[in-house]
Protein chains: 2
Amino acid sequence: MASEKIIVLKNPSLAEAVVAIEKAFAHRRTLIVAGDCHVHYAGRANSTLENGERLLIIKSDGSLLVHRPTGYEPVNWQPSGSVFYVEVKDDMLEVHGVRQKPHESVKVTFSSVLMVSALNLSDSGEFILHASEDDMHRAILLKPELFEAGFKPISWEKHVEPGFVDIYGEDKDGKMVIIEVKRRTASKENVLQLAKYIEPIKAKVNREVRAVLVAPALAKDVGTLLASMGLEFKALDPKDCAKVLKKKENHKLEKYFVN
Amino acid sequence: MASEKIIVLKNPSLAEAVVAIEKAFAHRRTLIVAGDCHVHYAGRANSTLENGERLLIIKSDGSLLVHRPTGYEPVNWQPSGSVFYVEVKDDMLEVHGVRQKPHESVKVTFSSVLMVSALNLSDSGEFILHASEDDMHRAILLKPELFEAGFKPISWEKHVEPGFVDIYGEDKDGKMVIIEVKRRTASKENVLQLAKYIEPIKAKVNREVRAVLVAPALAKDVGTLLASMGLEFKALDPKDCAKVLKKKENHKLEKYFVN
DNA sequence: ATATGCATGTCGCAC
DNA sequence: GTGCGACGTGCATAT
């Protein structure tokens, strides 16, 4: 029945499978197909995957995943918003998924099907993630001593050519401070990025500017590069920032600063 | 039986589910559990996901995925190499996944299980992807006129502080050319990346250097930035590069160039 | 709609 | 092991 919460077919014929898949599409079920298949993808790039046993998952929002029996990442996929159809052709079960913008298509061709499952999943649970780079920004703005005693934030996410400065403010001596925040070990790339940003600022503002990279750590050989460019580093762990935010329940920044 | 290719339980009790899951772990099956659950993650960041119906997938290489009924991406996950165990606690079925380096853990707590499936998947099919940035490199090296008439590639992936140059060579006038290749519309970042690479080269080599960004297109306002830094742009589509490579079956670069 | 930058990014490859 | 850059990156946000 279409209203069932779960439909599972074990070792169905291709004809049986195609009916179950069409029903899953019609009733917007979460579809799982396991079986021997090959896959073709054409779009921004092209790919082929020779025969083997995989999972095909198609969700009701139009996302598609092909998972091999190993690996975190899908070998082929289609983001949500794709449209699908299924057909039997030359004794094979073909599942087609197409999306526009960019135009891309995935075709999964099953020679045999181990299992078809159509699930009616209901999920409205809230997802909350802590310790992002944004959390680090907020923590520094709310508790500037996390960065440095006497630091006074002035603004954040400020647009300056050629990009954005994460946070800027003044230190205890009134010196201008530009802060670039990274939630992971900072790399050479990050140092160069910061260097690029401060050059135009130094040129524009006619006073001393401190540029500080804030991150949990510095990549191995980056310290000397950083120093040679006149930049500073301040160690700060995203987890410690998350703790600060937990204490202060409401952390709407608009209340504290004018951007 | 443990040797079965597929085991599927529909609406199992938690006790039945836990037995099936343990068997799946023991026999290195691809495991799918559908049911009402909440999820906690702690590691580089932290997250909580309140109750709802999802798919839990655990592969035999130790990767874990929690998929909501919408979205291409898993809401929680663990890359391959994690280790798992399952237990019933307080009338809930808990699946724990832990990895080291970095230390991270995911706990999926089911209050009810809709389906448990353990699949013995066999997959050795080859996966081939065309039209990568690497394909573009190879195409230019094999058919330099794709870049420019008279271009003579000399080397590629050459290490120069502070990074790598994709391709370098000489143009028809013997002028040195540095090429940075991108498979997508080139952004401001890409321009800055190229700029930072050529600066030290210009300083070192005591002759004129052309720096060219090769990509299918340039982002809107990047053209002026590019020009102001004395860089060039050459439009090239990764798909056209892929075509060149298909014509020449064997494209081992070692035969043509010394790196 | 396009551009820009973050991500629990993951992954592969070179050192 | 660490660093570094690509990825069919996806994704949200700001313009």
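Reminder, nothing fancy here: chain letters follow the sequence lines and each chain counts from 1.
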Which part of the nucleic acid, if any, lies within contact of [X], taking any heavy atom under 4.0 Å across all strands shown: a base, the sugar-phosphate backbone alone, or nothing?
X	result
A:N46	nothing
B:K182	sugar-phosphate
A:Q78	base

Set of salt bridge (Lys or Arg N to Asp or Glu O under 4.0 Å) partners for A:E232, sequence neighbours left out:
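Salt bridge (Lys or Arg N to Asp or Glu O under 4.0 Å) check on A:E232 returns A:R210.
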
Structure string for DNA chain D in dot-bracket form, Watson-Crick and G-U at under 3.5 Å, | interchain
|||||||.|||||||

Would you call [X] and [Y] a side-chain contact if the rule is heavy atoms closer than 4.5 Å?
X	Y	answer
A:L213	A:L218	yes
A:V106	A:W77	no
A:L56	A:F110	yes

Partners of [X] by side chain to side chain donor-acceptor pair (under 3.5 Å), sequence neighbours excluded?
X	answer
B:R28	none
A:D123	B:R54, B:R68
B:K239	none
A:Q100	A:H103

Parallel, tilted or perpendicular, as decided by the 30° and 60° cut-offs, for the rings of A:Y85 and A:H96
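Answer is parallel, since the angle falls under 30°.
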
Residue pairs passing the salt bridge (Lys or Arg N to Asp or Glu O under 4.0 Å) test where at least one lies in residues 30-39 of chain B, sequence neighbours excluded:
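Of all non-adjacent pairs touching residues 30-39 of chain B, none passes salt bridge (Lys or Arg N to Asp or Glu O under 4.0 Å).
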
Using the salt bridge (Lys or Arg N to Asp or Glu O under 4.0 Å) rule, collect all pairs that involve residues 96-109 of chain A, keeping only residues at least two apart or in two chains.
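Every pair satisfying salt bridge (Lys or Arg N to Asp or Glu O under 4.0 Å) with a residue in residues 96-109 of chain A: A:R44-A:E104, A:R99-A:E104.
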
Distance check, P atoms only: C:dT4 and C:dT8, in whole angstrom units.
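After rounding to an integer number of Å, I get 23 Å for this pair.
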
Quantified in whole Å, what is the P atom distance between nucleotide D:dC4 and nucleotide D:dG8?
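Result for the P pair: 23 Å, nearest Å.
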
Indicate yes or no for a side-chain donor-acceptor contact from B:E50 to the backbone of A:E126 under 3.5 Å, with no hydrogens or angles considered.
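Absent.
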
Judged by atom type as modelled, is there a donor-acceptor pair below 3.5 Å linking the side chain of A:Q78 to the main-chain atoms of A:G97?
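Yes; judged by distance alone, with no hydrogens or angles, the pair exists.
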
How close or far is atom [atom2] of [N] from atom [atom1] of [X], stated in whole angstroms?
X	N	atom1	atom2	value
B:L218	C:dA3	CG	P	10 Å
B:W156	C:dC13	CH2	C1'	15 Å
A:L192	D:dG3	CG	C1'	14 Å
B:M136	D:dG8	CE	P	14 Å
A:D221	D:dG3	CG	P	8 Å
B:H137	D:dC7	NE2	C1'	13 Å
B:E189	C:dC6	CD	C1'	12 Å
A:N190	D:dG3	CG	C1'	12 Å

Show which side-chain atoms of residues 220-231 of chain B pair as donor or acceptor with protein atoms under 3.5 Å away, not counting sequence neighbours.
from: B:T224; atom 1: OG1; to: B:D221; atom 2: O; distance (Å): 3.2
from: B:S228; atom 1: OG; to: B:L225; atom 2: O; distance (Å): 2.7

A:K188 side-chain N/O to D:dC4 phosphate OP1/OP2 under 4.0 Å:
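So the side chain of A:K188 is within the cut-off, an N or O lying under 4.0 Å from OP1 or OP2 of D:dC4.
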
Reckon A:K101 has a side-chain N or O less than 4.0 Å from the OP1 or OP2 of C:dT2?
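Checking A:K101 against C:dT2: at least one side-chain N or O falls below 4.0 Å of OP1 or OP2.
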
At under 4.0 Å between heavy atoms, which parts of nucleotides 9-15 of chain D does protein reach? Answer with one letter per nucleotide, 5' to 3': B base, S sugar-phosphate only, - none.
BSS----

Assuming nearest nucleotide by heavy-atom distance, tell me which of A:A45 and A:S187 is located more 5' along DNA chain D.
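Taking each residue's closest nucleotide, the earlier one in sequence belongs to A:S187.
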
Near DNA chain C, which residues from residues 124-133 of chain B have a heavy atom under 4.0 Å away?
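DNA chain C contact set from residues 124-133 of chain B: none.
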
How about B:S132 and B:D134: does a side-chain donor come under 3.5 Å of a side-chain acceptor?
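Absent: no donor and acceptor within the cut-off.
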
Near-strand residues of residues 47-70 of chain A, defined as heavy-atom separation under 4.0 angstrom from DNA chain D
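Listed by number, there are none.
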
